[in-house]
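The structure presented is a predicted model; accordingly, all values stated were derived computationally and were not measured. Note on naming: letters A, B, ... go to the chains in the order of the sequence lines (proteins, then strands), and numbering restarts at 1 for each one.
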Amino acid sequence: MQTLISLLSVFISPWQFFKESVPSPRIEITLSKTEEESYDWQEFCLRPKQLSTLDILKSIFFNARWNESLFITDCAERLILDPTEYNKQEIVNRIKFELERRGLDLKMTPYLQFRLIFVTSHGTKLQGDILYVSKIEKIFGDQD
Amino acid sequence: MDFDAAIRLTEILLALAFVQQSVEHLYGPKAEQRLFLVRLILSILLLIGLSTQWICVVLFINGIFILKRFQGPYNGGSDRMSLLILSCLCLIHFMPTLYLKEFVFAYLALQVILSYWLSGFFKIINPEWWSGQVLKDLFCFSAFPASENLRSLADYPKILCLASWAVIVFELLFPLIVLSQEILVMGLFVSLVFHLANTYLLGFNRFLWVWLAAYPSLIWLQQYLMTNFSH
């Protein structure tokens with residue numbers, strides 16, 4: 001059904017890009033040794049500090065990591081509007097994929113929890129609201 | 001550009017856009033690699049020009065599987081536009097008369113024009129766009145700036161206000177490209193710069209390739225209208 005709706009939206013797309021300012025999701029994660037322990041939250045972000053001219057030119061042809069980041073953001077927004085297992089699992093899988101890509105040894109901290117903070121501006125101040133906190137789950141080794 | 005040349009050019013540009021996307025996914029999680037390996041092979045066949053009508057159909061089926069895999073578009077508007085172009089190509093190949101084929105291609109061109117004009121319309125009715133506030137928020141705290149240092153653009157409200165109006169005016173005036181070849185060339189050049197800027201600022205590289213693939217329909221439509229309705 002979801003696929004059919006997506007397919008229909010292709011033919012009568014509303015084409016509304018950035019029509020208004022909306023709350024934006026931040027993903028924070030915590031990794032721990034056991035299910036009971038929990039450490040500080042840290043932002044999970046695929047955005048580089050800066051891009052060189054060569055990086056920008058390359059990104060025209062190949063921007064896989066950034067497009068993945070946009071998809072995770074989309075999943076986070078969908079998770080709030082439509083809290084399905086699929087959206088949660090996509091976020092977990094991609095966090096795991098990225099952590100492994102960074103060469104992190106997940107044997108040491110196999111338990112992952114993430115939360116979604118939606119940021120909005122109030123005048124000159126930014127405000128973040130925690131709208132979702134996932135259950136702690138084992139992402140490495142045998143699943144409990 | 002005659003109708004057949006415009007269709008073939010659309011196929012070539014769409015195939016290139018699909019190759020670009022597929023290569024990116026081959027770098028991603030294993031679960032999605034198989035779908036995009038299939039898309040990559042089909043896109044190369046489309047690029048070469050082998051039985052393009054059937055390749056388009058199989059690519060469309062592959063597109064449905066991809067939609068199902070991600071429970072919607074993976075890359076928002078760019079996936080929607082690429083599937084629209086692909087659907088129109090499929091329909092064009094199997095329409096019985098030239099008139100119906102042209103009708104479908106004109107529908108694609110209309111959607112491309114609407115993709116700019118409607119975006120501009122929804123911006124101009126929002127006072128937050130008039131002041132540049134939406135762009136300020138976009139750079140200040142949204143998930144879209146392609147690098148951290150681009151967030152500092154939020155500190156330049158006058159530039160953002162100017163940029164907001166430039167985007168609104170460009171998008172609202174885009175339909176004028178059908179009026180003459182000179183305006184068409186100018187419009188497509190400005191839109192290319194617009195998409196390159198979006199790639200630099202927001203990392204939207206797929207939009208650049210996909211919208212480029214839809215431009216032959218605009219070139220054809222402009223010529224068609226001039227030839228048939230200029231008197």
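Residue I60(A) touches chain B through both its backbone and its side chain, counting heavy-atom pairs closer than 4.5 Å. Contacts of E100(A) with chain B are absent, with no heavy-atom separation under 4.5 Å from either backbone or side chain. Looking at D74(A), only its side chain comes within 4.5 Å of chain B, counting heavy atoms on both sides. Looking at T73(A), only its side chain comes within 4.5 Å of chain B, counting heavy atoms on both sides. If you measure heavy-atom distances from Y86(A) to chain B, the contacts under 4.5 Å come from the side chain alone. Contact of L70(A) with chain B is made through the side chain alone, with heavy-atom distances under 4.5 Å. Only the side chain of W209(B) has a heavy atom closer than 4.5 Å to any heavy atom of chain A. Interface remark: L208(B) contributes side-chain atoms only to the contact with chain A (heavy atom separation under 4.5 Å). For Y116(B), no part lies under 4.5 angstrom from a heavy atom of chain A. Contacts between L196(B) and chain A at a heavy-atom distance below 4.5 Å involve the side chain alone, from C-beta outward.
By the 4.5 Å heavy-atom criterion applied to side chains, W129(B) and F18(A) are counted as neighbours. With contacts defined as side-chain heavy-atom distances shorter than 4.5 Å, the pair F141(B)/F118(A) does not qualify. Contact annotation: the side chain of F71(A) never approaches that of P73(B) to less than 4.5 Å [non-hydrogen atoms, C-beta and beyond].
A salt bridge links E90(A) with R69(B): the distance from a Lys NZ or Arg NE/NH1/NH2 to an Asp or Glu carboxylate oxygen falls below 4.0 Å. A salt bridge links R47(A) with E148(B): the distance from a Lys NZ or Arg NE/NH1/NH2 to an Asp or Glu carboxylate oxygen falls below 4.0 Å.
In this structure a side-chain-to-backbone donor-acceptor pair under 3.5 Å is present from R78(A) to Q71(B). Judged purely by atom type and a 3.5 angstrom limit, R101(A) has no side-chain atom pairing as donor or acceptor with the backbone of G28(B). A donor-acceptor distance shorter than 3.5 angstrom exists from the side chain of Q20(B) to the backbone of F61(A), with no hydrogens or angles considered. A donor-acceptor pair is defined here as one N or O able to donate and one able to accept, closer than 3.5 Å; no such pair exists between the side chain of N63(A) and the backbone of N205(B).
In terms of heavy-atom proximity, P25(A) sits nearest to A143(B) at O-CB, 4.4 Å. Nearest heavy-atom pair across I56(A) and Y200(B) is CD1-CE1, 3.2 Å. Of all heavy-atom pairs spanning N149(B) and Q50(A), the tightest one is ND2-CB, 3.4 Å.
A ring-centre distance under 6.0 Å is found for Y27(B) and F62(A).
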Next item on the list: Evaluate the criterion salt bridge (Lys or Arg N to Asp or Glu O under 4.0 Å) for residue pair E32(B) and R94(A); output intermediate values, then yes/no.
Entry: CA-CA 12 Å; E32(B) 65 206 46; R94(A) 281 165 201 279; 2.6 Å; yes
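The NE2 atom of H25(B) sits 7.0 Å away from atom CG of N67(A), with the distance rounded to the nearest 0.5 Å.
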